[in-house]
Amino acid sequence: MKHLNERDMSGVLDGELRGEAMWRAQQHLERCPVCRDALSAMAAQDRSLRAPLSHDPGEEYFDSFADRVTARIAAAPKASASEVLRSPFGVSWWQSPRKLALVGTVTAVIAGAGLVMISSRNAGLPTLANKETAQHLDQTAPAKQNENEAMPGTAAGPGPGDLRADRSKDDGTGAKLQTGASGGSANAGDELARTSPPGAASPGRQQKVMSSPSGEDRAPAANGFTPPPPASSAETREVDRLRETKRRLIGAPAREAQESAKAPAEPPAPMREESGSPAPAAAPLPVQMSKHVSAPASRSAAERERMATDAGPARRVCGVVRDASGRPLARVLVTATDAAGNETSDGSGRFCLELPPGPHDLQLLAVGFRSAQIRVPATSGEELAATMQAVSVIEGGGVAGLRDRAEKSSLKQGLTSTTQAPMASGTLSGSGETLAGDETALKALPDSLRDAVAAVMKLQSGAETLGRANALDAAAAAWERVLPQMPPGRSELEARARLAECRFRAWQISRDSKRAERAMDALTAFIVRTPSGDRRSAVAARWIDQIHER
Amino acid sequence: MNPGPRRTPILDPGDEAALVRSAQGGDSAAFTKIVRAYQRPVFRVAYGLTRNTADADDLAQETFVRAYQAIDRFRVGEPLYPWLARIATNLAFSLFRRRKRRPETALEPMVEAGAQWGVDDDPAEHAAAGERNEQVRVAFEKLSPEHQSVLSLRAVQDLSYQEIALVLRVPPGTVMSRLSRARAELKRLLDGSDGP
């Protein structure tokens with residue numbers, strides 16, 4: 001069995017893997033204990049960084065921070081700052097030997113490429129093994145001469161049209177670009193990005209952005225990264241080169257070749273974003289083309305063909321996913337295995353998909369559950385119902401240990417294990433505000449995690465009933481332990497809300513500086529993750545103000 | 001799976017834009033509000049990179065000084081925090097280059113480490129946690145500055161790949177690659193430290 005690579009595992013851990021890659025990774029994790037252990041170890045390693053890399057200097061430090069900044073601003077000369085900000089890493093490029101070397105290399109490559117392009121313009125066609133073909137090419141050679149004569153503009157220097165017309169030149173640059181593009185090597189691209197000035201649009205970065213098959217590497221325009229125009233695509237050039245060769249081999253008129261050479265003036269064949277292959281509207285290509293078109297391109301063509309045959313009025317298929325005990329499951333990835341499209345279930349376990357007519361199979365995937373498959377009948381309009389069986393994906397020791405600790409701790413605080421844990425935590429008397437509220441987010445968790453969360457909620461509820469600061473501290477610490485295990489999204493936000501509330505309540509009861517710091521940190525961490533318009537961010541902001549006032 | 005919720009700035013975007021506009025117009029009180037809003041996150045970024053209170057303090061202050069001096073060039077409407085974090089990161093890299101060595105170590109995080117957890121933890125656990133933290137710190141310091149920064153921004157500051165991409169000015173795909181290599185390298189170093 002091929003295990004997950006470190007990049008995918010890292011993406012899974014951060015919830016940043018997308019689409020099919022995430023789907024495959026989840027499927028693999030479900031059946032591979034080795035990768036599950038590795039994922040848990042990676043998560044634990046990340047957690048272990050927090051303590052040594054974090055330090056809170058205390059409230060007094062931050063109280064006077066703004067004043068110190070103001071004093072420093074008054075004393076600082078204005079010019080120096082702009083220099084630092086203008087260059088991405090704080091120094092001008094000529095001050096860094098590495099960047100200087102990179103600039104020199106880029107300049108040399110551009111100059112070299114220019115020389116090669118100029119010198120190869122007059123080079124004859126390469127010798128061909130097939131004598132008949134060579135003879136044919138000799139006969140059609142005047143067409144090339146005419147073509148060059150018809151383009152006086154190219155004498156000043158090689159333009160984009162030359163890239164299409166000159167085959168010997170393309171054999172060099174095209175092959176190079178093809179290697180860079182088809183490699184799709186994140187490492188290579190990353191190394192280039194690492195060694196180049198981040199602010200500059202280096203060729204290496206452009207190449208990487210262009211070659212990314214998933215489009216994930218395409219940074220938004222706000223980043224300052226713009227993908228290169230499709231005309232520079234290695235595959236497009238390869239296609240054009242072959243087209244040009246075909247024209248020559250069949251003795252195309254010089255006029256046609258001339259038009260071809262001017263091709264950059266008109267938009268090139270539109271590129272499919274996901275595959276980088278020419279659009280179907282492109283002219284038919286010689287058989288030889290198929291060797292040069294990448295595998296994803298041919299796959300895309302097959303997909304297009306299948307989608308064309310499936311064309312018809314799409315229908316909306318909806319359903320609900322529950323666990324074995326009937327509770328709705330959120331964030332379940334529902335994928336139609338025989339049609340395009342996938343969807344994720346919402347907080348109530350509900351999902352809807354647009355599917356072409358006919359029967360379909362849906363695959364259901366969720367962390368902590370065995371994958372399930374359901375059949376969508378050809379005609380039924382009823383809502384689908386699916387049940388998923390829990391499986392422990394998250395390292396058992398950590399969560400189970402936490403649950404034990406939380407329960408032990410709650411007993412230590414004089415609470416009984418039979419205390420009913422309300423899903424929404426209570427609030428201290430005298431305050432009508434609470435950060436807790438999205439209880440469905442905490443219900444839709446894997447069994448292994450849900451038990452631990454319920455134990456922590458029980459601990460918090462008991463602590464609030466007791467009204468003791470150290471009990472609330474313990475509840476907050478328990479939330480902090482469970483937090484790294486929470487899937488990103490609503491459940492994580494809810495856990496952070498409850499953690500912040502515990503910290504704030506503890507500070508309300510015992511107003512020492514340490515509790516104030518912790519409350520500030522927890523409230524800030526909650527606010528920065530709260531979507532705009534969430535009423536709870538205003539409550540948290542008020543609480544921060546209260547702490548500031550004290 | 002869907003990505004997690006998008007991180008939002010500490011200030012409401014509308015308020016943040018208004019404060020930036022005022023600061024661009026020369027309103028120092030507005031800039032002070034910005035400082036107060038972002039002083040903790042910026043200090044955390046600075047400390048994560050330097051792991052030294054004095055350096056982090058200097059770097060955090062300098063970050064706001066540079067931000068003030070360049071506020072005219074900041075495009076109103078864009079998120080402020082990644083911009084500030086980028087300034088702090090650039091300054092930290094400049095500092096490393098000037099010193100030609102890795103950040104100095106500090107005792108504070110070791111002292112604080114146990115206190116960050118629950119009140120019920122026993123002293124033996126604190127001691128074990130302290131030892132582990134020391135191992136992690138030593139291993140972390142052996143990483144390259146690029147790996148340190150990406151790991152700190154993700155594992156400690158909890159930024160998304162998109163936000164890290166804005167801070168480091170690299171594509172999100174590069175963030176993913178760099179992060180996975182940083183984690184693998186840290187694991188290798190930690191495994192080595194645990195071994196005979």
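Chain identifiers are assigned alphabetically (A, B, ...) following the order of the sequence lines, protein sequences preceding nucleic acid strands; residue numbering begins at 1 within each chain.
Salt bridge A:D63/B:R36: absent, no basic N to carboxylate O contact under 4.0 Å. B:R40 and A:E517 are not joined by a salt bridge, as no carboxylate oxygen comes within less than 4.0 angstrom of a charged side-chain nitrogen. Residues A:R72 and B:E62 are paired through a salt bridge, judged by an N-O separation under 4.0 Å between the basic side chain and the carboxylate.
Of the candidates B:N133, B:V138, B:V156, A:P52 forms a side-chain contact (heavy atoms from CB on, under 4.5 Å) with just one, namely B:N133.
One finds the CG atom of B:L186 at 4.0 Å from the CD atom of A:Q45 (value rounded to the nearest 0.5 Å). The CZ atom of B:R137 sits 13.0 Å away from the OG atom of A:S48 when rounded to the nearest 0.5 Å. Annotation: the span from A:L17 atom CG to B:Y161 atom OH amounts to 8.5 Å, rounded to 0.5 Å.
Ranked by non-hydrogen atom pairs under 4.5 Å with chain A, the options B:T32, B:D57, B:T63 are led by B:D57. Of the residues considered (A:T70, A:D8, A:N5, A:D14), A:D14 shows the highest number of contacts with chain B, using heavy-atom pairs under 4.5 Å.
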Please step through ring-ring contact (aromatic ring centres under 6.0 Å, His included) for the pair A:Y61 and B:F43, ending with a clear verdict. CA-CA 11 Å; A:Y61 170 83; B:F43 181 86; 5.2 Å; yes
Decide yes or no on side chain to side chain contact (heavy atoms under 4.5 Å, CB included) for B:F64 and A:I73, but give the supporting numbers first. CA-CA 8 Å; B:F64 286 107; A:I73 286 171; 5.7 Å; no
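A heavy-atom distance below 4.5 Å is not found between the side chains of B:R183 and A:E6. Contact check for B:D158 versus A:E492: side-chain heavy atoms found under the 4.5 Å cut-off. At least one side-chain heavy atom of A:D46 sits less than 4.5 Å from a side-chain heavy atom of B:L151. A heavy-atom distance below 4.5 Å is not found between the side chains of B:R44 and A:L53.
When heavy atoms are compared at a cutoff of 4.5 Å, B:A60 approaches chain A by way of both its backbone and its side chain. Only the side chain of A:M520 has a heavy atom closer than 4.5 Å to any heavy atom of chain B.
Ring geometry, A:H55 versus B:Y47: the interplanar angle falls from 30° to 60°, so the pair is classed tilted.
Contact record, A:R7 with B:S177: NE-OG, 2.9 Å, taken as the closest heavy-atom pair.
Here the side chain of B:Q39 pairs a donor or acceptor atom with the backbone of A:F62 at under 3.5 angstrom. A:R50 places a side-chain N or O within donor-acceptor distance of the main-chain N or O of B:A155, the cut-off being under 3.5 Å. Looking only at distances, no side-chain donor or acceptor of A:E16 sits under 3.5 Å from a matching main-chain atom of B:S160.
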